[in-house]
Amino acid sequence: MIEQSPWIVECMKRGDGTFLLFHSGIRRDVRALKHLLFGWHAPSFYGTMLPIENEGRIEGIVVTAAEMLEAVAMAPGVRWTELKQGDSFRIACTMAKLYMEVLREGRFEPSFEKWKAGSFGWELLLSESEQKTIDKLLYQAEQIEHPELVDWFDDLMAELLTDNQDRNLLRSEVLRVRPELEEMRIPSQRSQWTSEQDWLEMIGWSIDETPFRVVLRIDEPEQERMPWALRILLQEKGDPDVQVACVWSKGMDESDTSCQVKAAAGDFPEAWKPFLQERLSRDIRKVLRIVPWLEETSNSQLKDSDNEPLIKIQETSGIGQIDTVEKTANATWCRLKERLGEEEAWRFLAEGSLLLAEAGFRVIVPAWWQRVRQMRTRLKARVPSSAGSFSASTMGINQMIQFDWRLAIGDVDVSEAEFRQLIEEDRRLVRLNGQWIQLNPDDVKEIRRLMNQVDGGGMTFGEVLEHHMAMERQRLEEGLLEEDMERDNRLRLELELNEQLQHWLAMLQHHESIPPSAMPAGLLGTLRKYQADGYSWLMFLRRFGLGACLADDMGLGKTIQWIAYVLRVREVEPDSGPSLLICPTSLIGNWQKELERFAPDLQVYLHYGADRLRDERFAKEIQSADVVITTYTLALMDRELLWPVMWNSVCLDEAQNIKNPYAKQSAAIRKLRARHRIALTGTPMENHLTELWSIFDFVNPGYLGTLAQFRKTYVNPIERSRDAEWTKLVQRLVQPFLLRRLKRDPEIQLDLPDKNESKVYVPLTAEQASVYEQTLHALFEDLDQLDPMERRGRVLAAITKLKQVCNHPSLVLRDRATGRDSTRSGKLTRLLEMLEELRSTGERSLIFTQYAETGKLLQEVLERNTKESVPFLHGSVPKAERDRMVQRFQDESLPEEERPRIFILSLKAGGTGLNLTAANHVFHYDRWWNPAVENQASDRAYRIGQTRNVQVYKLIALGTLEERIDDMIEQKQTLNEQVIGGGEKWITELSPTELRELFALRRHVME
């Protein structure tokens, strides 16, 4: 017969306050351990109902703190011979036995220190030997890294104090020695003024047998400017209607400087007299700790040995004899003020009464105070009729406007003269028209600031506009919960605008009401309806010196709207000087092309390249220009050159480049001087509200205040509450100066053609230009010596290499492992920028390329940048996989995160036969030079089933054969569509001179 080894019992205390009992030897069925430990325990059905759980790799019995105590200290006959205590279980058992003794003898009390620290706990009343035992156990528990086994009395008491029938036996033993536990309550409110005695009475541990409570009452004077009365009342606890007013009484003769308290009329009830001295003295001490400025300083102050103020109580007998408390040696006397000045009375009502109530005192204030406290001060500013005449010469965001002022507090109106007199007299509580009102010092300070501003010239139009837009916020706040309204005593500014200002602001808020501007004669093109509206909006804001942020969706023609604006400004203001256009480097060529296409009469000066002017010649050179183009990088580098110029206008294309308000580039651009400022961007805010602030601080400097003010007023509340309404408030604030139209807007859909094609011109990087030149050199090195067949092969190979250089230099240099950097390619940089803008609107895109290697490069870079799966369909993809790619891209039933936003296709494999109507943007990353083939590819998105307008973008590298051949196709010079339809073979038949002219890198573009 094999004898079973004993159980080695260990335990651990878990985070929820329970214990896990387990066997530390070879794994055994812990269910048997339950019956060994709890075979006597009826509440757990003799151990059966105790749960078994795993903690990591340990399986054990879960018991509560009380069950742990019962298992050790109350078990009638556990078979300990079959059990062996491990170190952790031995420590817990020892503590359980000690806790049982403490409970049965009632040697515990609530811990005031723990409650002040944020939790409800207990203090044990231990003997010296017991404390030494605990210290020893704690050392042992720390050695085995389980110090929590020594301190679990709080968990035990929390369980005993709940209504748990299973604990009735243990609970009854505890209540027998500590009956006060039966009615004990745990207060949730904490006050820094609560003393330990107050707290013990509050929770019901100590019984406060005082039959009365101390009450403070403040009474307003019958006549204004008279003192306010502060009274002490003693109120019967059982009957609040029984109150005795107390008065201060001086000593018996001139030499006696004592101060005593007696009943104002009659005498104190007999039942109160044993408690008067101790209770009233204690409460008055507490009042003076909370509001020390209530102490009557004209009398000396009585201090006890702990420097605590004391009070002397006068008790009168029925026959008029006075019994007094003897003076304490070396003590002086004190008392509360009976009369308060106006400022003191206001301070007591606004601050002191709240502090005293928080500390548990009852404070009686005038019935009207609650209403007055909730009254919000409103400053009414009326714009006189003479202040509403605006013109281009007088208006602007910093234009000063004069006001007539009135103050409204509740239903009471105070004129400016009356208010100035009140604040000069430093009033706090005033009775006007039979009503009491308060003048809050914070409100007075703000009103003074505003009125001083008026004295200095008024408010700026920007401030007026901000307050006008903030009326929406005020209306939102009027709908807040009542308790929120009580906390909101901020100064309200109400603007009363004259008719002309109201009409003008209405036009700012409702763009469709802006009158149309005449079209410039020099514009070669026709604006669509929404584009004409945008152009008129820019002209309207310029007339009044207000900046604009044109934030139309990509593809809606922000460029042509600004070109029309520049043309019209030149017509109506012929001597106004050049406008500055700042754009990303990748868009310089695009702007040159668009200006040449739509406004060939404009004189364009390019400030770019290593040979750009950087001295006084720059100012002379730009005098004859209508538009000066430069980049964001150069706006920072050449800031000392650009700052002195008063620009006709400054326009930022892709204005999100200044979204970081702390960047040196953003700061440099905001310092530019201009008669008008315009920002063009499809994404005025990408991630954070501070980005919007940065753009608007350029457009209308100072309109949204400082960045710190903007954060405090808008950013922090929105980020804290995530409230969509607060976000809308910011949108309303910027809406007058921001025009945003989306392609999905009904009025836009009606105006756009079904398919809109545009060309995106991008410059080569310096590395691309170098590799391009090397490829040309290799082509022409011995071209004249080759036979016709070899010559054709050489030219076709060169064409492929040159096009790959335009795509990305790594495709030619074969440095794939280290070369997939997007900044090495102008095309790839611009493609990523455009895709990022489209991703923010949730739209999908197709990207076509001729080359499989280019497709792989794009796939790798896009997946790295977007952190999303980007499929690439090319000739080597099996049909089943090809079908799966298309199905995932098209399937609207799939979750949004599972559907790719971008689909890359090789022109040959994906250019025909596919239905990809989920996309409405098509990018031709490289050109096939056959319009029919490119149209077929574009029609993968533009076909039956497409419900949105399709935007097609053709990327062209400036100064290269791509641009030259595209010009030839557009102008139909030299080539016709039949020849072009044959692909690239026609190029091989050109002479070396014609090839050089076609292929040569045009240096002026690079410069």
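Numbers here are sequence positions counted from 1. What's counted below: heavy atoms across the whole structure, side chains too, no hydrogens, waters or symmetry copies.
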With no hydrogens and no angle check, is any side-chain donor or acceptor of [X] less than 3.5 Å from a backbone partner on [Y]?
X: Gln768; Y: Val805; value: yes
X: Ser579; Y: Val628; value: no
X: Ser938; Y: Glu934; value: yes

Next on the checklist: Does either side chain, that of Asn920 or that of Glu843, offer a donor lying less than 3.5 Å from an acceptor on the other one?
Outcome noted: yes
Checklist entry - side chain to side chain donor-acceptor pair (under 3.5 Å) with Lys801: which residues, sequence neighbours excluded? => result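 Side chain to side chain donor-acceptor pair (under 3.5 Å) check on Lys801 returns nothing, list empty.
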I'd like to check the side chain to side chain contact (heavy atoms under 4.5 Å, CB included) partners of [X]; sequence neighbours left out, ordered by chain and number.
X: Pro895; result: Glu897, Glu898
X: Ala599; result: Ile563, Leu567, Leu602
X: Arg597; result: Glu594
X: Ser770; result: Gln774

Item to check | Test applied, side chain to side chain donor-acceptor pair (under 3.5 Å); reference residue, Thr681; option that passes from Glu654, Lys659, Gln656 | outcome: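 The passing option is Gln656.
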Checklist entry - Between Lys759 and Tyr953, is NZ or CZ placed under 6.0 angstrom from the six-membered ring centre and within 45° of the ring axis? => result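 No, Lys759 does not sit over the ring of Tyr953.
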Checklist entry - For Glu757, what residues pass the salt bridge (Lys or Arg N to Asp or Glu O under 4.0 Å) criterion, not counting sequence neighbours? => result Lys954
